[in-house]
Amino acid sequence: MDECRSDRVRKILQLEGRAAQSRSTYESGMAEIAGARHRADQYKHAAAALKVKLTPQELHQLRRARSGV
């Protein structure tokens, strides 16, 4: 069946196949990144929820820990 196709048609089909493969790799990578971003947002939200419950002394400790003192 390939004998009936011109070189240009075969080249187009080859490029389209590579494009589909690259798109699939890209999309699976983006799905992994999106999951990591979602987890990071959840951790940040949990930290903020705890921060509002800190006593003034604990807030002072947090600021000192962040400053490296």
For residues 59-66, please give each side-chain donor-acceptor pair under 3.5 Å, one per line with the distance, not counting sequence neighbours.
none

> More than 12 heavy atoms of other residues, nucleotides or ligands under 6.0 Å from CD of Glu27: is that the case?
Replying inline: yes

> Take atom CD in Gln14; do more than 12 heavy atoms of anything else shown fall under 6.0 Å from it?
Replying inline: yes

> Side chain of Ser24, backbone of Ala20: donor and acceptor closer than 3.5 Å?
Replying inline: no

Tabulate below the donor-acceptor pairs under 3.5 Å that side-chain atoms of residues 31-50 make, not counting sequence neighbours, or state none.
unit_1, atom_1, unit_2, atom_2, d
His38, NE2, Gln42, NE2, 3.3
Arg39, NH1, Gly35, O, 3.4

